[in-house]
Amino acid sequence: MISAINSQVSFGKAKSRLEQKKSANTRAKLGAQAGVLIGYSAGITAINKYAMGKSFGWNTAINNAAKTFASSTKEFFGAEFLKNAAKNLSWTSGRQKLLAGATLLAIGAFVKVSEHFAKKQGELNAA
């Protein structure tokens with residue numbers, strides 16, 4: 001009984017080791033996600049600044065391949081969707097293709113960072 005009286009009451013001030021670890025992981029996760037978004041923003045800015053109005057050889061090759069694919073595709077279920085997609089792809093500029101690639105890369109990096117920290121906190125199985 002005396003030991004119960006002498007024990008200190010925490011009133012929520014002291015965090016457990018697990019709470020401290022989760023808090024640190026959350027800060028690290030938010031920092032990593034912010035880094036992905038900042039990198040994406042910088043990449044988009046650079047693409048818009050340096051690729052505006054320029055012609056790229058690789059883009060011309062992609063456009064010609066898409067047009068050839070669209071014209072040579074035989075009729076089958078879903079062929080019209082593929083033809084329309086290839087035609088729309090051939091109309092996009094190289095800058096638009098770079099922007100789409102940067103966006104997909106940023107989405108993948110953001111998901112990967114989130115997954116990494118979810119595994120670290122035990123929210124996902126580390127498989």
Side-chain angles (χ1 to χ4, degrees):
M1 180 152 179
I2 293 176
S3 64
I5 294 172
N6 290 335
S7 68
Q8 295 179 352
V9 180
S10 79
F11 296 110
K13 291 182 180 179
K15 287 187 175 181
S16 71
R17 193 73 153 141
L18 180 61
E19 288 173 340
Q20 288 174 347
K21 187 177 179 183
K22 280 193 170 192
S23 177
N25 279 339
T26 301
R27 284 192 304 272
K29 175 183 165 184
L30 291 176
Q33 289 173 336
V36 168
L37 294 177
I38 290 169
Y40 171 68
S41 177
I44 293 300
T45 302
I47 289 170
N48 282 329
K49 183 177 181 180
Y50 296 111
M52 185 77 73
K54 295 199 175 149
S55 177
F56 300 102
W58 57 266
N59 186 41
T60 306
I62 289 173
N63 292 344
N64 290 338
K67 288 176 187 174
T68 303
F69 171 78
S71 65
S72 66
T73 302
K74 296 187 177 22
E75 291 300 318
F76 62 90
F77 181 74
E80 198 60 35
F81 173 78
L82 289 175
K83 285 181 181 182
N84 287 338
K87 188 169 71 172
N88 289 337
L89 179 68
S90 70
W91 288 346
T92 60
S93 67
R95 183 182 64 85
Q96 290 171 324
K97 288 179 180 100
L98 288 173
L99 290 172
T103 302
L104 291 175
L105 183 65
I107 290 170
F110 195 87
V111 167
K112 202 65 177 157
V113 163
S114 299
E115 179 183 305
H116 169 76
F117 283 101
K119 285 180 181 177
K120 200 171 184 180
Q121 286 183 326
E123 296 169 359
L124 288 176
N125 294 335

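This one's a predicted model, so the numbers in the text were calculated from it and none came from an experiment.
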Engineer: Should F56 and M52 be regarded as members of a common hydrophobic cluster, given that ILVMFWY residues are connected when their side-chain heavy atoms come within less than 4.5 Å of each other, either directly or indirectly?
Structural biologist: no
Engineer: Closest heavy-atom contact between A32 and F117?
Structural biologist: CB-CE1, 3.9 Å
Engineer: Would you check, one step at a time, whether the test side-chain contact (heavy atoms from CB on, under 4.5 Å) holds for K54 with R95?
Structural biologist: CA-CA 8 Å; K54 295 199 175 149; R95 183 182 64 85; over 6 Å; no
Engineer: Does a salt bridge link K83 with E75, judged by any charged N lying under 4.0 Å from a carboxylate O?
Structural biologist: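 So K83 pairs with E75 through a salt bridge.
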Engineer: Should we count CZ of F81 as having more than 12 external heavy atoms under 6.0 Å?
Structural biologist: no
Engineer: Does any N or O in the side chain of T73 come within less than 3.5 Å of the main-chain N or O of F69, such that one atom is a donor and the other an acceptor?
Structural biologist: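 Such a contact is found between T73 side chain and F69 backbone.
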Engineer: Should T103 and Y40 count as side-chain neighbours, where that means a heavy-atom distance under 4.5 Å?
Structural biologist: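 Yes - at least one pair of side-chain heavy atoms lies under 4.5 Å apart.
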Engineer: Is there a side-chain contact between K112 and V36 in this structure, where contact means two heavy atoms from C-beta onward sitting under 4.5 Å apart?
Structural biologist: no
Engineer: Shortest non-hydrogen contact from K29 to V113?
Structural biologist: O-CG1, 4.3 Å
Engineer: Are side-chain heavy atoms of N48 and T45 found at a separation under 4.5 Å?
Structural biologist: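 In short, these two side chains do not touch, never coming nearer than 4.5 Å.
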Engineer: For residues K67 and S90, is any side-chain donor paired with an opposing acceptor at under 3.5 Å?
Structural biologist: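 No pair is found: no donor N or O on one side chain lies under 3.5 Å from an acceptor on the other.
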Engineer: Starting from V111, can I reach L37 by hopping between I/L/V/M/F/W/Y residues whose side chains sit under 4.5 Å apart?
Structural biologist: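 L37 and V111: separate clusters.
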Engineer: Honestly curious: do L98 and I44 fall in one hydrophobic cluster under the side-chain, below-4.5 Å linking rule?
Structural biologist: yes
Engineer: Which distance, rounded to the nearest 0.5 Å, do you find between the NZ of K87 and the CG of L82?
Structural biologist: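 It is 13.5 Å, given to the nearest 0.5 Å.
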Engineer: Step by step, work out the side-chain contact (heavy atoms from CB on, under 4.5 Å) result for L105 and F110.
Structural biologist: CA-CA 9 Å; L105 183 65; F110 195 87; over 6 Å; no
Engineer: Using modelled atom types and a 3.5 Å cut-off, is there a donor and acceptor pairing between side-chain atoms of K97 and backbone atoms of L89?
Structural biologist: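 Pair found, side chain donor or acceptor close to backbone of L89.
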